Structures are given as structure tokens and as C-alpha cells.
Amino acid sequence: MTEQLAKAYDPQTVEAQVNALWASAPYFHPAPSDGAADCKAYTIVIPPPNVTAALHLGHALNNTLQDILIRFRRMQQFRTLWMPGTDHAGIATQTVVEKRILAEEGKRRTDFERDAFIGRVQAWKDEYEATIIGQLKAMGCSCDWQRTRFTMDDVCAKAVRANFFKLFKDGLIYRGKRLVNWDPATQTVLADDEVEHETVQGHFWYLRYPLATPVEVDGRQIDHVTVATTRPETMLGDTAIAMNPGDPRAAALVGQRVRLPIVGRLIPIIADEHVVLPNPESDDEKARFSTGFLKVTPAHDPDDWQIGQRHDLPIINVMAPDGSISDKYGWEDATEPEAQNLLGMDRFEAREAIVEWFRQEKLLEDVRDYAHEVGHSYRSHVPIEPYLSDQWYIAVKKPIEHLAEKFGAGLIEGTDVPANSLAGLALKPLVDGRLQFIPERYSKTYQNWLENLRDWPISRQLWWGHRIPIWSKAGRDAPLPDQCAGADAIQSISAESDEGPVTFVCPAPGHEDQEASLEAAGWIRDNDVLDTWFSSALWPFSTMGWPEETPELKTFYPGDVLCTAREIITLWVSRMVMMGQYCVGDIPFKDVYIHAMIQDGQGRKMSKSLGNGIDPLVAIDSHGADAMRFTLASMTTDTQDIRMPVAPMTLPDGREVNTSPKFDVGRNFCNKLWNASRFAMMNLEGFDPAGFDAARMDVTDRWILSRLAATQSEVTAALDAFKFSEPLSLLYRFFWNDLCDWYLEWAKFRMRDEAQKATAQNVLAFVLDRVLRLLHPFVPFITEGIYQKLSEVAPGRGLTGIAPADAAQALTVSQWPAGLDGQIDSDIEEEIRVVQETIRAVRDIRNKYNKASESLTASADAPEAMAQILNRHSQLVCQLALLESFQASQGAPKPNNAATTLVEETKLYVHDVIDREAELARLEKQKQEIERGKKATEGKLANENFVNRAKPEVVAQARERLEQFQEQLKAVEALLAELKD
RNA sequence: GGGCGAUUAGCUCAGUUGGCUAGAGCGCACGGAUCACACCCGUGAGGUCACAGGUUCGAGUCCUGUAUCGCCCACCA
């Protein structure tokens, strides 16, 4: 029989066949609507993976969940777009490429021309982009591959230029001289979010600064003040000593001057509230360590910068961009030999030298251990240097006049965020409930961040990225070339820089002629590139062709859901909402689903350095893509982390790799699905939809349809609520426990009976079809593979009068099951439950008495109603309990030599099987269990407060329960009595 | 320092708005080459729900506190 499925489930073969099928038609490539109002679209935009490396298991989880959502909606016949692509990931990618070039060729970035180096990064990008897309396809992601984008491709670049110009025109982009988080290793500025705080075991050094003139305080002459610092090397740039105005010594000291050691600079003592008063008893660590005197270094400390601004202090930068001590960047009085000696030293080297100098000069008063938080670069992991630098910023809390009408003006309630500022545009939808986080708790992260948002530094001292479209020329209001003179598209601002006033110009996008004329006239383009997140922020609409009003944008924007990890809620999610509102006028998605982070078996993050990561392709090789997806989805509840035990494995080709025994769960399920389907199809020979008559269905047919109906509506509701584990376990139970363990087992008998075969075949084909549909979002390959075969064997799978046939060419575009609610029948489900309990009881006795496969006879003494049910279905009991015959009646006598057990109130007799001791033990145990339950229920009902205050249905339930216990107890006692006779 | 979370069977986790004798998979024990599947079938054992208080007729679930673990955020005197 050619239609038969292969004997063993082979993921590789099925995955290849199915991928070919999906590629053969535009199943995942929706046409934009032609403006029809009733077109329901559903859009997910992929979080574009960085082209730094191949995807890891976290990506596999992320994309599995997106694919589940998108397939679910596609089957619900939405016009479904899953937009794929990759991110250029500025710093990260440039860093890996630099590292590789250094390792392989011994060359540094600066050994290349800019374009040549970018070419090298581009080559890396091409390689990894292909790898990533290949991985996504291997996982079964149903992305619209024809629309694949890259954050630096022409379409996205156009959006970047358009948005930059728009921001510039709105006066939101400005040149700021600021203390930035400078990474001396990569020599680039990091956003606050890119700084990792680590606890460092450091010291407080207590340094004495001599007063220019000794002063009398409380009758004592003092000739110095002592400052406590964790960063002695910055003292070279001190421009004041601050003390709290409330300090008793302040009256005598404020206004005095100290002579800065090493440098010889005279600096004032000033009063500032910021200074913490010393207090050795305080809980506040700073108060315990404080001397009351704070050295103020505006160029090298953010707090000191603030103090410097308040007191108009000079700003003296004593470091070069590489973190070495230098007099070339604003330090003009490095004339003393001691100061000269320090020039060129690395900052940490200089720290030691300076401390040593103070020690030698007897000016080092004390050194105390101090553990404190130090910001490190998330990229190079070296300590961040607060560094004074010219950077481009985006003003995030500045009201945007022309947006006041659409988005409102004034502060958002309870915040200092204007509704028509960029931060406000992102915050308001959350406050209004239009933007929703799942799980809800993550909305706090988003909200807190936006409420405390500071301006966004967007310059990056890199080559890989979108180059900043600003040209500059020295001088205030430098004249523009003629070609640009009349163009209203040009914005110009002037700013002070280290070299004096400069004029900046941002030509409108699409005016290459103006750019050329600017350069011809001696204007120079900014060397820096934009922060990666600048282009990522536009991803939901840049990919659809914004700023053009494309049909895609009209059809698929705003999108529906963003699915991502919690670590980029602030960096990315908030900025997409911000820019979506700002550029397109609407939020890019309504729901943000935040999934768990995958950890290893010990709760550690998976990482390259720990060697505990799992490559999705390895999992696909070892277990199959569906198995991996099944396992990942089944572990996705709304917890923050999921643990995935990691086990080493040797591949056939000898490679040592990591995989996880957890994937066995998914593989076993797929294997079961394959074999159950194979069995079903073996039994579908002669399948004829016309042979179905609903009136001829037996109780197992009606039962499985009832279970199916309940399952499909629960699964649908769960997916609507972004639950992944729950629908999968519902389906697992339905498929494995209901369908395979019971329905199929009973169907085996019916398939041999010509009178029943046609009905059983139709129901079986129908239920299998529906199971495949419901499982398809989770395990798309195997279900599609089986569906294709099933369509050959049993085309047109409907049930006349119950559900019309609605076969599709491919499962992936078939209708999502719905509309079986009328089949739910709780009476039938209860009857089958009783039958199952009875069968289990017989099997248990077989086990206990070692009568595995002998033919036996059984009977039961059951309450009248129960006896009727059991007799009606005695054949079902006999079939699966392997009984010759089974009869029930009220008051049926116990045969001699019968093993007995209790199924609820029913006394079950399995004939000619005896072991008195075992029997006694078992019945005693049953009795104890019943008594325990009975006692608990009695206790409840004896409590007046319970009877009076609990909900009536709960009390009624308890009463009914108690009656059952009493009946059961009576029955078990009777059995025990008989046994003891 | 602030915020968020976790703690339920040997392991990984479910447990809806408080309400039957707290569930699943794996693992374990026992039995099974039966004609879909040994990646399988059948049966079973296994839990003072981290700890201490409180609210309630009733708490794994709500509140307070403690302990342990994790993540995010925060200007390094």
C-alpha cells in the first residue's frame, strides 16, 4: 500500500519534504489588501537577530513562540504576515569582526580604509545572515521570506534618513558636551543601558590637600583638608573642594583655597548640599567613610559635573580617549615635573603612581577597603570612564509642538513626562491600556524606564552602522553652498566644540546633489554612526517601506504582537513604540509577550564562556525540529526563567556537542503521533465519507467527539491568552490519553466488524484531521507531513450533519477547528469515565495477582444506575480488560474465589483469582483512604460556620461527597467482612 | 540602594477568581516482545506545597515577616 507512512518517524526526511511543499506556494507571503475594509490582518515583526553569531536556544524559543502565534492566526484565516530579518548590531558585530581579523591576520581596524573595513564586516554579515535564515527555516518558522529585511539595507536606510531628518527638523537632535559612558577599550560611547554594574573590591584613599593659608577652626589651627576618594587618579582634574554648608567647619573654610598636590593648582573650597556629612555611626556607608570634604572633578565624575555646573567651575579633562593621562585634551597646567611624569600612563597605572606619591609625601592619611559598584562596558568589560565628549543626542522629554493636537500636551499624570514628547509618546499608550504586556508585571519595567528617561546619546564611534547624516564646517552660521541655499530641506544649528563654533547641516533624504555640493564646499560628514537601536526602533515600519505610504504599511501596520525577552524591554520595545507613534502615528503592536530566559540545569545563563549553550541545529539533528519546538513550547509558562538540563553528546561525526534530555519529551510525542497516524491510515482502507451516518455512532465515537470539542475550544482560548504550555498539555492529554489509549484501542475491534467499520473510519479520520490541525502551530512539520498522506488516503474528512469537510491543499493554510461545541456531552464523558475506572481496576487486579494475559471473568455489585451503565458498555469493559464476560447488577453475590475491589460504590469481582492476604491488605488500604476523606468532609460539615457561610453549592457538594464516602465505606467493609468469613 | 520574580514528588514544572482525597512529564518499582508505536503498553509507589505568623467556615492559592536563589534598574566621593 503506497499511501502507508514510513515505518519509523524520520524527522529529517519529513522536514525536508514539508519545507519543499511550503516553498512551492506563497503560503507565507500574504498580498497586501486592496483596501477592503473587512480584511483582517495579523502581523508579527521578528526581533531581528544580531548578525554577530548563529542563533542559540533562546532564539529557538523566541521564534518557536512567534511561529505558533502566526500559524494559529493564519489558520484562523487572518491575512498573516511574519516579517523576518536581521540586525546589523553595530558595536557587537564590529567587535567580533575586529577580533577575528586580529586573530587571523594580526591587523587592526585602523590598518584598513573605512570602506575596506566595512566590506569585511559586510562579508561577515552575509555569512551569518545566511546561517540565521537557514536556522529559522530549519526550525519551521513560517516567515514571509520574500520580504526579508536587514537593518542596513536600502529600504531600512531610507527610513533611518527620513526619521533622522524629521527629528532634526523638529529640533530634537542636539549636540551635547556631556559626560558620557566612555569605553576606553573600544573608544566609543555607551548608552546607560549598555553599562553593566559590577561590584568591585576597591579602596577609599584618604588624601590630604594643603590649605593655601592655614585656618583656625574651634581654636585649632588646621593646615589641610582630607578628601576620601575611590579614584585618586582623577585628582589631577580637581577644580574645587566641596563641603556641606551645614558642616560646623564650613563657616571657617568655605571661600578658602587649597593647593592641589602634584599639580600645584589653587582651587576653592565651596559649599554644596550634595556633600554627605561624616557620621561614623550612620547606616549610610557614605557617611561612615566621608571626611566632609569632597574633591570635585567635573570632567571625570557625573556628580561632580553637576556640582561644577552649579558653581560654574572650570572643567579640566586629564585623560586621552584611551584612558591614559594626557595634557592634550583640556589640561593646560601640567607643568610641574611630578605632573609631567604621569603623562601617558594608563588610568590604573596613574592611580598607583599617585597614591604612591601621596604616601611618599606623607599626605596619604588612610586607606580603607570599600566594595562598590563600578560600571563596565557590556562589550569590552572594562570599567567605564565618565568622559567629556561632543555627542549627538535626542531630546526625549522635549514637547513637540505639532504633535500636541494628536497626542495631547502637558504632563502625563503622575510623571514629569510631556504627553507630546518622545518619552510621552511611548508612555501614554501603556497608561491608556492600548499597549499591554504579557505577563502584566513587565509593564512596570517599561513604565519606570520611560518615567526616568534621560536624553538618548545616539553617536557611536564606529564604522559599522548608519553614518550620521550631518555635515559640519567651522564657524558660526557658516554659509551654505548655492545648491543648498534655497532648499528648505536643510536645517542648520551651530554649536561650540573643542575647536570653537561649528555649523551643522542635515540635508533632507534623497538630495545627494546637496551632499555633494556640501563636500565640494569643504563641509565634512560626521565620522560617527548611529546607535544600533536607532534603526531597530524603526523596524516595525521601516521594513514595510516607510516613509513611503506602501500597501504593506496600510495593510499590516500597526502590527499585533511583539514577542521578545525581558532584557530589551527598555532598549528596544520602548523605542519602537516611541518611533512608531512619532513616525507613523500609531503604536507598532498592541501586545508585548515577554518569554522566559533559558538557563542550564543549574540556573545559569547559557553562554559561550560557560560552554553550556545548546545549538538549535544540534537539537534539530538529534531530536527533530518538531521535538525541539514541542519541548520549548511545553516549558513556556509565565515564569521568568526556564531550566534546561544540558547533557553532552557525541554526534555520529564525532563532534562533542550539547543537547538536552528534555527534548526526548518532544521526540517521544512526535513518534507517538507518527505511529498513531500510521495505524489510523492502515485502517482507513475503503474510506467513504458517504458511509457516515451520525445516528450509527457508538458511545466511543460520541465520547471522542465530546473530548475533541472541549479540547479545541480550550486550546483556542489558551492561545488567545498567549499561553503555550497549557494548550500543548491539553492536546497531549487528548491525543495520547484519550485518542490513543482508549478510542483507538476500542476502534481496533470495530475495524474488524463490517457493520461498524464505516462509522469508525469516518470518526477516526475526522478526529485525526482535527488533531493535526490543532497541533500544527506547535509541531508543523510532522503534522503537515501526515496531513498530506491523510489527504491521499481519506480525502474529504467531514462528518455529515456535524462538521462539513473543508480540506485545504496544505495543513498550514487549513481552517482552524471551531464550532463543535454541540458535541460536548457530559453524560457520555461520565459513562466512559466509569468504564475506564472499571477497566483499570481489573487491570490492577491482574497485575497484583500476576494474571497478565489470562482470560478472566468479572461481575459487579453496583447501585442500580451504575449497573445499567456498566451493562450497557460491558463489551467495552471486556475488550480492554480482556474479560470473557462482565455483568453488573444491584446486590450481585460475590462468587467464591473472586478477587474483589471497590470502584467508587461498586464492588467489583474478578472470578477465580485469589490471594487472601494481598486482598486484605489492598482493601484495608482502600478503606483507610475512604475514611480519611470521610473524616475530612464530616469535619467540615460539623462546622456550623462552614454550613452557614460557605457558598451553598460548596456545602451541597460536600454533602454529596460525604454520602459517597459512606456508601464506599459500607461497600469496602462488606467486602472485608466477606473475606474474613 | 530600588524594583520584579522563584521556592509544590528524586528531577523539570502545572495548579485560573481561596472550595472534592494537590496534578503532569521524566526518573523509580513491578508486569509485558499483543498483529501502530519498547522513542512503546499496563499497573503502582512517591508530596508536613521553603519557614513563622495572620486573615477566613476553609489557604499551595490572600496579607505580613524570615531564609535561600535569580533577574532588572541605579551617579564609582
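Everything numeric here is computed off the predicted structure, so don't read it as measured data. Here is the naming used below: chain letters follow the sequence lines, and residue numbers restart at 1 for every chain.
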Can you measure from [atom1] ([X]) to [atom2] ([Y]) and round to the nearest 0.5 angstrom?
X: Leu61(A); Y: Thr631(A); atom1: CG; atom2: OG1; value: 11.5 Å
X: Met235(A); Y: Thr297(A); atom1: CE; atom2: OG1; value: 9.0 Å
X: Phe734(A); Y: Asn737(A); atom1: CZ; atom2: CG; value: 11.0 Å
X: Leu768(A); Y: Ser677(A); atom1: CG; atom2: OG; value: 4.5 Å
X: Asp301(A); Y: Gln306(A); atom1: CG; atom2: CD; value: 10.0 Å

Span that lies between the [atom1] atom of [M] and that of [N], in whole angstrom:
N: rA77(B); M: rU66(B); atom1: P; answer: 28 Å
N: rU61(B); M: rU56(B); atom1: C1'; answer: 13 Å
N: rC49(B); M: rA29(B); atom1: C1'; answer: 25 Å
N: rA50(B); M: rA9(B); atom1: C1'; answer: 15 Å
N: rA14(B); M: rU55(B); atom1: P; answer: 31 Å
N: rG46(B); M: rG25(B); atom1: C1'; answer: 15 Å
N: rC73(B); M: rG27(B); atom1: P; answer: 39 Å
N: rA74(B); M: rG2(B); atom1: C1'; answer: 7 Å

Do any side-chain nitrogens or oxygens of [X] fall under 4.0 Å of OP1 or OP2 in [N]?
X: Arg454(A); N: rC75(B); value: yes
X: Arg840(A); N: rU43(B); value: yes
X: Thr445(A); N: rC4(B); value: no

inquiry  = Ser443(A): which residues meet the side-chain contact (heavy atoms from CB on, under 4.5 Å) condition with it, sequence neighbours left out?
reply    =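 With sequence neighbours excluded, Ser443(A) shows a side-chain contact (heavy atoms from CB on, under 4.5 Å) to Leu430(A), Phe437(A), Glu440(A), given in chain and number order.
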Does the structure show a Watson-Crick or G-U wobble partner for [N], both distances under 3.5 Å? Name it, or say none.
N: rC62(B); value: rG54(B)
N: rU68(B); value: rA6(B)
N: rC11(B); value: rG25(B)
N: rU17(B); value: none
N: rA45(B); value: none
N: rA33(B); value: none

Is any side-chain N or O of [X] under 3.5 Å from a base N or O of [N], one able to act as donor and the other as acceptor?
X: Asn847(A); N: rG42(B); result: yes
X: Lys444(A); N: rC4(B); result: no
X: Arg667(A); N: rC39(B); result: yes
X: Glu726(A); N: rA24(B); result: no

request  = Walk me through it: do Gln761(A) and Asn683(A) pass the test side chain to side chain contact (heavy atoms under 4.5 Å, CB included)?
outcome  = CA-CA 7 Å; Gln761(A) 281 182 327; Asn683(A) 282 284; 5.7 Å; no
task = Dump the intermediate steps for side chain to side chain contact (heavy atoms under 4.5 Å, CB included) on Leu207(A) and Leu364(A), then the final yes or no.
result = CA-CA 5 Å; Leu207(A) 309 179; Leu364(A) 181 66; 3.7 Å; yes
Collect all protein-nucleotide pairs involving nucleotides 26-29 of chain B in which both atoms are nitrogen or oxygen and the distance is under 3.5 Å.
none

query = Of Val374(A) and Tyr9(A), whose closest RNA chain B nucleotide lies nearer the 5' terminus?
reply =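 Final value for this comparison: Tyr9(A).
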5' precedence on RNA chain B between Met597(A) and Asn448(A) (nearest-nucleotide basis) =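 Nearer the 5' end of the strand: Asn448(A).
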For the side chain of [X], starting at C-beta, report the closest nucleotide among [options].
X: Val276(A); options: rA36(B), rC37(B), rA77(B); result: rA77(B)
X: Arg843(A); options: rG5(B), rC39(B), rG42(B); result: rG42(B)
X: Thr230(A); options: rC71(B), rC39(B), rC76(B); result: rC76(B)
X: Asp301(A); options: rC76(B), rG44(B), rG42(B); result: rC76(B)
X: Met682(A); options: rA36(B), rU43(B), rA77(B); result: rA36(B)
X: Thr229(A); options: rA36(B), rA14(B), rA77(B); result: rA77(B)

inquiry  = Applying salt bridge (Lys or Arg N to Asp or Glu O under 4.0 Å), can you list everything that pairs with Glu904(A), at least two apart in sequence or on another chain?
reply    =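 Residues passing salt bridge (Lys or Arg N to Asp or Glu O under 4.0 Å) with Glu904(A): Arg833(A).
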inquiry  = Among residues at least two apart in sequence or on other chains, which ones pass salt bridge (Lys or Arg N to Asp or Glu O under 4.0 Å) with Arg310(A)?
reply    =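 Listed in chain order: Asp272(A).
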request  = Ignoring hydrogens and angles, state whether a donor on the side chain of Glu451(A) or Gln447(A) is under 3.5 Å from an acceptor on the partner side chain.
outcome  =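 Judged by distance alone, the side chains do pair up.
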Protein and nucleotides 9-12 of chain B: nitrogen or oxygen contacts under 3.5 angstrom:
unit_1	atom_1	unit_2	atom_2	d
rU12(B)	O2'	Lys662(A)	NZ	3.3

key: Carboxylate-amine/guanidinium proximity below 4.0 Å for Arg347(A) and Glu233(A)   =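 Salt bridge flag = no for Glu233(A) with Arg347(A).
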query = Using 30° and 60° as the class limits, which term best fits the ring planes of Phe669(A) and Phe735(A): parallel, tilted or perpendicular?
reply =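 Because their plane-to-plane angle is over 60°, the rings of Phe669(A) and Phe735(A) count as perpendicular.
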Pairs under 3.5 angstrom, nitrogen or oxygen only, protein versus nucleotides 18-22 of chain B, please.
unit_1	atom_1	unit_2	atom_2	d
rC20(B)	O2'	Arg961(A)	NE	2.8
rC20(B)	O2'	Arg961(A)	NH2	3.3
rC20(B)	O2	Arg961(A)	NE	3.3
rC20(B)	O2	Arg961(A)	NH1	3.3
rU21(B)	O4	Arg961(A)	NH2	3.1

query = Among Glu837(A), Arg843(A), Gln836(A), which residue meets the side chain to side chain contact (heavy atoms under 4.5 Å, CB included) test with Ile839(A)?
reply =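 Of the listed options, the one satisfying the test is Arg843(A).
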